[in-house]
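Below: the structure, in structure tokens.
Note that ligands are numbered from 1 as they come in the structure, with each ligand's atoms numbered from 1 the same way. None of these values were measured; they are calculated from a predicted model.
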Amino acid sequence: MSQSQGQGPALDNLLTESRTFPPSEDFAAQANAKPELYEEAKADREAFWAKQAERLHWDTKWSQVLDWSDAPFAKWFVGGKLNVAYNCVDRHVESGHGEQVAIHWEGEPGDSRAITYAELQREVSKAANALASLGVGAEDRVAIYMPMIPEAIFSMLACARLGAMHSVVFGGFSAEALRTRIEDSSCKLVITTDGQYRRGNPFPLKPAVDEAVANADCVEKVLVVKRTDSDVEWNDRDVWWHELVDSQSDQHTPEAFDSEHPLFILYTSGTTGKPKGILHTSGGYLTQASYTHHNVFDLKPETDVYWCTADIGWVTGHSYIVYGPLSNRVTQVVYEGTPNTPHEGRHWEIVQKYGVSIYYTAPTLIRTFMKWGADIPAKYDLSSLRVLGSVGEPINPEAWIWYRENVGGGKAPIVDTWWQTETGAIMISPLPGVVSTKPGSAQRPLPGIGAKVVNDEGVEVPAGGGGYLVLDEPWPSMLRGIWGDEERYRDTYWSRFADQGFYFAGDGAKYDDDGDIWLLGRVDDVMNVSGHRISTTEVESALVSHPTVAEAAVVGASDETTGQGIVAFVILRGGAGADAGGADAIKALRDHVAKEIGPIAKPRQIMVVPELPKTRSGKIMRRLLRDVAENRQVGDVTTLADSSVMDLISAGLQSGKSED
Ligand code: WT7
């Protein structure tokens, strides 16, 4: 394994970690998942998954659990029919739980709203009727570009109810990023808001939509929720949510769709500049999202209050705010804002207010809490917390222990969950009442899942060995392709280990002596910044689209808080002018990237260099640039076309630093 990115020395600490934390007897006794789950899945995988699928309501039962004859295109629960939204909403009302709170919504400015399942059913029905009145039907694509407000969830469920596909685009992405996503899957409708609250202030959101759809002929209507009451420019295609949706009937009969009916597209970064539209379908996806949420988080619908801090713009929000939890009749907190608005104890205040018992977040946020200080969570009553989760990147043992001590009261089990947009649901994680947890390790594939660490030849490595993470069995919530690009789907995931038929995840991994899996970061040119995937090529394309930039190379350098930080090396154009390397110009470049992709892709640092290190075939050697970015001794330069380049770079470095 050549180029696992960015974890650097943290990785060594990670691998010397040997503490384990067995579940308490009390926890184990009441846990949803018992040790037999592993045995059961091993004895008959398909029967096991069929049993999990039976946790859902099917209008027509399937005739075959898995059809893998057209690999790598799977069909799960073949012939079965269900409505995903019915499973997440209506059936809970029908079983007598209409008065149970589904969502405790907490707005950033301090407004709040409790939504029962009966109310959720009415809201989703109204939204579905409204969407249908705009001509949205089965398999149409709807873009959702919204902050974390209840209407965003109503919109997703309304699409699911109608069999339309949603494509949620994170509200922090730029107009340009939104435009390419809308056009790639030709969305008919865009749902958005006038503005959104961020760090205590309202910011406009609709102007980005206006810009994105200006020349997008596919878009017929833009449905706008009033959130901040900002002034908005109004176009012919625009419709106010409160005018259209509020007047609809709150009755809507859901139709059952095929198990393989498409549910959503979610774009994620790959190794090229073009994001991949990851396609998920209905029956298998919901089965695994529901099963994992029930067992990994040990959800008890009668007593738990669950909170996943993700945004619906990412897959975590899809699977662990919307589909998994609601299918399990969760009572959950949904929070609109940033964790330090109006103060750094906001999350703990919310935990205390609602008695949150299950809390699922990302390592980058845990490290931020560490920086803010343990005295902040200590001011609140967090005794309701009984399960903690982590996702998005490897969690360093130091952050894991801090999380356990300062948030989990030294006793709540921590589940480190490995999965991807493509896998749809959790794949590798300890089961909290069964497995003794280990700080820093996601440990083992869940019952029903096959995952292995293999070498270059696809042979499993022994205990203690490192290599690539592969998934060696199809799973229900696996992606069903990349929207409009079958070849890329085959190439990206299935060509690397084609002989063995393994899914290549793009992550480096290692077994420890107990055979537990430790994730080591991406092995491709994909960065992980605050748990978000950003491709180096995407940022490079954004940089070279600026008139002063001739060439750019981008690497992910390890970063104490965000996991990786984006570091860019740029060569300026000849005529760029004397000021082009100055602080203002660097700031302009960073802003340009934010405009092209979104603020999350803003480089932490931009260095102006006279040359880039390239191999004789012209490939940029990012490994050497990472050495520079992480202030390390530069490694082997013998394959460089011009070995003096690194000296030039090191010499010229100080000129272009920018770290605001
Ligand atoms: C990539 C997937 C899954 C939702 C959030 C990210 C990294 C994710 C872990 C973990 C180590 C992790 C991997 C993976 N990753 N969870 N628990 N330990 N690494 O979804 O944007 O599709 O990114 O995130 O590198 O491939 P995504």
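- The CE atom of Met156 lies 9.5 Å from the CG atom of Leu326; values are rounded to the nearest 0.5 Å.
- Taking the six-membered ring for Trp and thresholds of 30 and 60 degrees, Phe48 and Tyr291 have ring planes more than 60 degrees apart, a perpendicular arrangement.
- In this structure, CD in Gln605 is found 10.0 Å from CG in Asp559, a value given to the nearest 0.5 Å.
- Considering backbone and side-chain N/O of His532, none are found under 3.5 Å from N/O of ligand 1.
- Residue Thr417 places at least one N or O, backbone or side chain, under 3.5 Å from an N or O of ligand 1.
- Short contacts between ligand 1 and Val315, defined as distances under 4.0 Å to a heavy atom of the residue, involve ligand atoms 4 (C).
- With rounding to the nearest 0.5 Å, the separation of CG in Asn328 from NE2 in His294 is 7.0 Å.
- Looking from atom 10 (C) of ligand 1 to the surrounding protein, the closest heavy atom is Glu393 O, 3.5 Å.
- The protein non-hydrogen atom at the shortest distance from atom 6 (C) of ligand 1 is Gly531 O, 4.0 Å.
- Taking the six-membered ring where the residue is Trp, Trp475 and Tyr503 present perpendicular rings, their angle passing 60° and hence far from 30°.
- For atom 13 (C) of ligand 1, the nearest non-hydrogen atom of the protein is Asp507 OD2, 2.9 Å.
- Listed by number with element, the atoms of ligand 1 under 4.0 Å from a non-hydrogen atom of Leu519 are 11 (C).
- Under the salt bridge (charged side-chain N to carboxylate O under 4.0 Å, His left out) criterion, the residue pairs touching residues 266-277 are Asp184-Lys274, Lys276-Glu422, with sequence neighbours excluded.
- For atom 2 (C) of ligand 1, the closest heavy atom belonging to the protein is Trp419 O, 3.7 Å.
- At least one N or O atom of Gln420 sits closer than 3.5 Å to an N or O atom of ligand 1.
- Protein heavy atom closest to atom 23 (O) of ligand 1, with residue, atom name and distance, is Arg533 NE, 3.4 Å.
- Of all atoms in ligand 1, listed by their number and element, those nearer than 4.0 Å to a heavy atom of Asn528 are 7 (C), 24 (O).
- Within ligand 1, the atoms closer than 4.0 Å to a non-hydrogen atom of Pro394 are 11 (C), 18 (N), 19 (N), numbered from 1 in the order shown.
- Note: no N/O pair closer than 3.5 Å links Thr316 and ligand 1 by distance alone.
- The single protein non-hydrogen atom nearest to atom 22 (O) of ligand 1 is Thr421 OG1, 2.6 Å, given as residue, atom name and distance.
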Step by step, would you call Tyr335 with Arg346 a side chain to side chain donor-acceptor pair (under 3.5 Å)? CA-CA 10 Å; Tyr335 173 52; Arg346 185 74 191 266; 3.3 Å; yes
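- Geometrically, ligand 1 and Arg522 share a nitrogen or oxygen pair separated by less than 3.5 Å.
- With sequence neighbours left out, Arg55 forms a salt bridge (charged side-chain N to carboxylate O under 4.0 Å, His left out) with no residue at all.
- Taking each heavy atom of Arg604 and Gly565 in turn, the nearest pair found is NH1-CA, 4.3 Å.
- Contacts of Ile395 with ligand 1, taken as heavy-atom pairs under 4.0 Å, are absent altogether.
- When the heavy-atom distances from atom 15 (N) of ligand 1 to Ala442, Gly392, Gly389 are ranked, the shortest goes to Gly392.
- Between the side chain of Asn32 and the backbone N or O of Leu299, at least one donor-acceptor pair lies under 3.5 Å.
- How far CD1 of Ile265 is from NE2 of His280: 11.0 Å, rounded to the nearest 0.5 Å.
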